[in-house]
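Worksheet for the structure shown next.
Fair warning: this is a prediction, and the values are worked out from it, not measured in the lab. Hydrogens, waters and symmetry mates play no part in the numbers below; they use all other heavy atoms, side chains included.
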Amino acid sequence: QKHTKMFAYLSSLPLRGLNLFRSRAGDPFLNEDTNFGPVHTELHERDLPVVAGALPADLEGEFVRNGPNNKYPFSGMYHWFDGDGMLHGVLLEGGRATYVNRWVKTKKLDFEDQLNASGSFPSVGDLIDSGVSGILGLAHYVGFQILQKLGYSSGFPAIGEGTANTAVVFHAGRLYALVENASPYAVHIMRDGVFQTIGAQSYGGKLKHPFTAHPKVDPETGEMMFFGYRLHKRPFGEHSVVNADGALVATVDLRMRKPSMMHDFAITKSYSIIMDFPLRFDARRMAMGKSALFFDEKDVTRFGVLPRHCTDPEKIKWFQLPACYCFHTANAWEHDDKVTVLALRYPRMDLDAFRQPEKPLSDVLPSALYQWTLNLTDGSVGETMVCHVAGEFPVINPTLTGRRAQFVYYATVARESRMPVFDGVIKVDVISGEVVDRITFPRDEHGGECVFVPRRNPKSEDDGYLITFMYDCNPLSNPKNVSRFWVMDALTMSPSPIAVVELPARVPYGFHGIFVPLEELRKQAEVAEY
C-alpha cells in the first residue's frame with residue numbers, strides 16, 4: 001500500500017505542471033452543468049413512471065448502454081474517451097420499467113477505490129494534446145512506465161488494463177463491457193437488473209491481444225469475431241474468433257504496416273473486413289509538442305478481407321483507397337466474388353476536434369454514409385455515397401449482421417452544435433439510396449445511438465423498435481434534470497414515441513448499447529472466475 005501511494009504521487013507530478021497550462025474546470029466533457037458531466041450515485045429504482053404511451057408487451061428484457069463516467073476528479077488532459085465505464089440499464093418486464101446504473105469494476109477503478117482518488121493513469125487526452133501540455137503528457141506517459149519498471153507499482157494496474165467504457169456485447173450467455181485497448185470485462189445481470197462485474201475475460205489464457213469495442217456475432221453460427229490493435233509495439237493488429245460455446249479457436253497476426261487507430265470492422269458470412277486508416281501514432285511527435293495521434297493525409301486507407309477462421313496472414317487480401325476515416329460500420333455482405341462494406345465515412349479525422357471546435361462539429365468533421373464494393377477477383381474497389389446526412393452510430397436489424405440488409409438507421413448530428421450531440425434518427429434504404437424517413441427530436445432534446453430491437457413476430461426487416469436515452473437540456477422543461485427512455489417505431493418512424501419512461505436521474509451522453517431479451521437473461525452462464 002505504501003508503494004502504491006508513492007507510485008500514484010510520483011506518476012502525477014507531470015500532471016501538476018500540466019494543470020498550469022489547462023484548467024480542468026473548463027473541460028466540456030467534465031462540466032456537470034451539461035449532460036456530458038459524470039453522475040456520482042449508483043441507483044436501482046423500480047416501477048418508473050411511463051409518462052407517454054405504453055410499453056409494448058413484446059418488449060421484455062434489459063436495455064444496457066455503456067459510456068464514460070469518471071468516478072474521481074480527473075488528473076491531467078481529459079478526453080471524452082477517457083472516463084470510467086458505467087453501465088446504465090432499463091429492465092422491462094410485465095409492463096414495468098426498472099432503472100439501474102453501476103460502474104464497471106475494472107482493475108483501474110478498484111485501485112482508485114483503494115486510493116479514494118484518481119490513479120493518474122495515462123489518457124487519450126495525453127496523446128492528442130499539443131504544445132507544452134503535450135510535452136508534459138509525454139513525460140506522464142513515459143514516467144508512468146519507468147516507475148512501473150522500478151517496482152513502485154505493486155498492485156497498480158498496467159497501462160492497457162482499460163476503462164471498459166465504450167460498448168457491450170452479449171455472447172455465449174454472458175454480457176461483456178468493452179473498450180478497445182484492453183480485455184473485455186464479464187458482467188452478470190442479476191434477476192432484478194443490477195449489474196455485477198465478474199472480472200476480465202482471458203478465454204483460458206488464450207487471449208493475447210487487446211479486444212475491440214465492436215466484436216461481431218454471427219446471427220446464424222453464434223460465433224463472435226473481433227480484432228485488437230496496439231499503438232506502441234508489434235504486432236500492430238490481430239484478429240480472433242470465439243465459437244458459440246465461448247472458446248477462443250483462432251487468432252491471426254494481421255501484419256499491419258504501421259500502428260493505426262482502428263475502432264471498428266465488419267463481417268460477412270465468410271469473411272472479416274479489417275479497416276486500416278491513416279490515423280497514426282508516433283510518440284516522438286509529443287516531444288515536439290504535437291499530438292501523438294495524427295491523420296496522415298498523404299497515406300492511404302486499406303481494407304483487408306480475410307477468411308473467418310484464417311490463421312495465415314498471406315491469405316488476407318488488401319484493397320487500397322484514398323485516405324479517409326470511419327468510426328463505425330453499419331454492415332457488410334458478400335455476393336458473387338465481391339464484398340460490400342457500409343459505413344459512415346469522414347474525409348479526415350481529428351480527435352481533438354470533439355473538444356469545443358470553433359465551428360459546428362458537422363462542419364469540422366462531416367460524415368456521410370458510404371458503400372464500398374471490393375472485387376476479390378480483380379482487386380478493384382468501387383466507392384459510392386449512399387446518404388449525405390451527417391450522423392453517427394449506424395445500426396441495422398441485428399438478425400441480418402453480415403447479410404444484405406435493406407435499412408440502416410443512424411443518429412443525426414445536431415446541425416449547429418459544437419459538441420457531439422444528436423437531434424434525431426434517420427432511416428435509409430440502402431438498396432434505393434433514398435432517405436425513407438427521419439425522426440427529429442423535440443427542441444432542446446438530444447439522444448444517442450438508437451438500438452434496433454425486432455418485434456416478437458416481425459412481418460418485415462424493419463418491423464421493430466428503436467430505443468435510446470433522451471435528455472432535455474432546457475431547465476424550464478426539465479426542472480428535475482433527469483433523462484428519459486424512449487421507445488420508437490422503426491417501421492413507421494412516427495415522430496411520436498410508442499412509450500416514454502421518466503428516469504430517476506440524468507444519464508450522461510455515452511456510446512453504445514444493446515438489448516438483451518428476457519429469455520437470454522434467464523439463460524446467462526453461471527458466475528465463474530475468469
Legend entry - Thr301 side chain to Cys324 backbone, donor-acceptor under 3.5 Å: yes
Legend entry - Closest approach of Ala164 to Thr106 (non-hydrogen atoms, all atoms of both residues): CB-CG2, 3.8 Å
Inset, instruction - Report yes if some heavy atom in the side chain of Leu503 is under 4.5 Å from a heavy atom in the side chain of Ser483; otherwise report no. - result: yes
Inset, instruction - Measure centre to centre between the rings of Phe441 and His446, then say whether the value is under 6.0 Å. - result: no
Legend entry - Between Tyr471 and Asn481: side-chain donor-acceptor atoms closer than 3.5 Å: yes
Legend entry - Asp444 (side chain) donor-acceptor with Asn474 (main chain) under 3.5 angstrom: no
Inset, instruction - Give a yes or no on whether the ring-centroid distance for Phe36 and Tyr509 is below 6.0 angstrom. - result: yes
Inset, instruction - Scan residues 79-88 for pairs that pass salt bridge (Lys or Arg N to Asp or Glu O under 4.0 Å), counting only residues two or more places apart or in two chains. - result: Asp84-Lys108
Inset, instruction - Flag the pair Leu59 / Val453 as yes when at least one side-chain heavy-atom distance between them is below 4.5 Å, and no otherwise. - result: yes
Legend entry - Heavy-atom side-chain contact between Leu518 and Leu92 under 4.5 Å: no
Inset, instruction - Give a yes or no answer on whether the side chain of Trp103 reaches the backbone of Asn69 with a donor-acceptor pair at less than 3.5 Å. - result: yes
Legend entry - Ring-ring centroid check Phe422 Tyr410, cutoff 6.0 Å: no
Inset, instruction - Please work out whether the ring planes of His209 and Phe226 are parallel, tilted or perpendicular, with thresholds of 30° and 60°. - result: tilted
Inset, instruction - Classify the side-chain pair Glu180/His214 by whether it contains a donor and acceptor separated by less than 3.5 Å. - result: no
Legend entry - Closest non-hydrogen atom pair, Pro215 against Leu178: CD-CD1, 3.5 Å
Legend entry - Any side-chain heavy-atom pair of Leu254 and Phe236 under 4.5 Å: no
Legend entry - Salt-bridge present (Asp472, Lys480; N to O < 4.0 Å): no
Inset, instruction - Return the orientation label for the Tyr325 and Phe277 ring planes: parallel under 30°, perpendicular over 60°, tilted otherwise. - result: tilted
Legend entry - Atom pair OG (Ser260) and CG (Leu231), whose distance is rounded to the nearest 0.5 Å: 8.0 Å
Inset, instruction - Could you tell me how the ring of Phe511 sits relative to the ring of Phe81: parallel (under 30°), tilted (30 to 60°) or perpendicular (over 60°)? - result: perpendicular
Legend entry - Output field: ring centroids Phe393/His512 closer than 6.0 Å: yes
Inset, instruction - Test Asp282 against every option in Arg284, Arg285, Arg280 by the salt bridge (charged side-chain N to carboxylate O under 4.0 Å, His left out) rule and name the one that passes. - result: Arg284
Legend entry - Salt bridge Glu42-Lys105, side-chain N to carboxylate O under 4.0 Å: yes
Inset, instruction - Let me see the working for Val39 and Asn101 under side-chain contact (heavy atoms from CB on, under 4.5 Å), right down to the final yes or no. - result: CA-CA 10 Å; Val39 294; Asn101 67 320; 4.3 Å; yes
Legend entry - Residues Arg65 and Glu449 bridged, charged N to O under 4.0 Å: no
Legend entry - Closest heavy-atom pair and its distance - Pro68, Gly510: CD-CA, 4.2 Å
Inset, instruction - For Tyr409 and Phe452, run ring-ring contact (aromatic ring centres under 6.0 Å, His included): C-alpha distance rounded to whole Å, both residues' side-chain angles, the deciding distance at 0.1 Å, then the answer. - result: CA-CA 8 Å; Tyr409 305 82; Phe452 185 99; 5.7 Å; yes
Legend entry - Distance-only side-chain donor-acceptor flag, His44 / Tyr99, under 3.5 Å: no
Inset, instruction - Decide side chain to side chain donor-acceptor pair (under 3.5 Å) for Tyr72 and Asp113; before the verdict, give the C-alpha distance in whole Å, the side-chain angles of both, and the deciding distance to 0.1 Å. - result: CA-CA 9 Å; Tyr72 297 99; Asp113 281 341; 2.6 Å; yes
Inset, instruction - Name all residues meeting the ring-ring contact (aromatic ring centres under 6.0 Å, His included) criterion together with Phe195; count only those two or more places apart in sequence or in a different chain, and write none if there are none. - result: none
Inset, instruction - Would you kindly say whether Tyr346 and Glu392 are connected by a side-chain donor-acceptor distance under 3.5 Å? - result: yes
Inset, instruction - Ignoring hydrogens and angles, state whether a donor on the side chain of Arg345 or Ser367 is under 3.5 Å from an acceptor on the partner side chain. - result: no
Legend entry - Ionic contact status for Glu112 with Lys71, cut-off 4.0 Å: no
Inset, instruction - Heavy atoms only: give me the nearest Leu351-His79 pair and the separation to one decimal. - result: O-NE2, 3.0 Å
Legend entry - Sub-6.0 Å ring centroid separation between Tyr185 and Tyr176: no
Legend entry - Closest contact, heavy atoms only, Tyr78 versus Asn70: CE1-OD1, 4.0 Å
Legend entry - Pair Arg438 + Asp423: basic N to acidic O under 4.0 Å: no
Inset, instruction - Measure the shortest side-chain to side-chain distance between Asp264 and Phe327 over non-hydrogen atoms and say whether it is less than 4.5 angstrom. - result: no
Legend entry - Pairwise side-chain contact, Ser417 with Leu361, heavy-atom cut-off 4.5 Å (strictly under): no
Inset, instruction - Spell out, as yes or no, whether a donor-acceptor pair under 3.5 Å connects the side chain of Gln201 to the backbone of Tyr203. - result: yes
Inset, instruction - For Gln524 and Leu521, indicate whether the former's side chain and the latter's backbone hold a donor-acceptor pair under 3.5 Å. - result: yes
Legend entry - Any side-chain heavy-atom pair of Val395 and Val451 under 4.5 Å: no
Inset, instruction - Return yes if some donor-acceptor pair links the side-chain N/O of Asp110 with the main-chain N/O of Gln114 below 3.5 Å, else return no. - result: no
Legend entry - Cationic N near anionic O, under 4.0 Å, Glu32 to Arg506: no
Inset, instruction - Write down the atom of Leu466, the atom of Ala490, and the distance for their closest heavy-atom approach. - result: CG-CB, 3.7 Å
Inset, instruction - Hey, can you tell me if Phe469 and Phe63 have their rings parallel, tilted or perpendicular (30° and 60° cut-offs)? - result: tilted
Inset, instruction - May I ask you to test the Ile274-Met262 pair for a side-chain heavy-atom distance under 4.5 Å? - result: yes
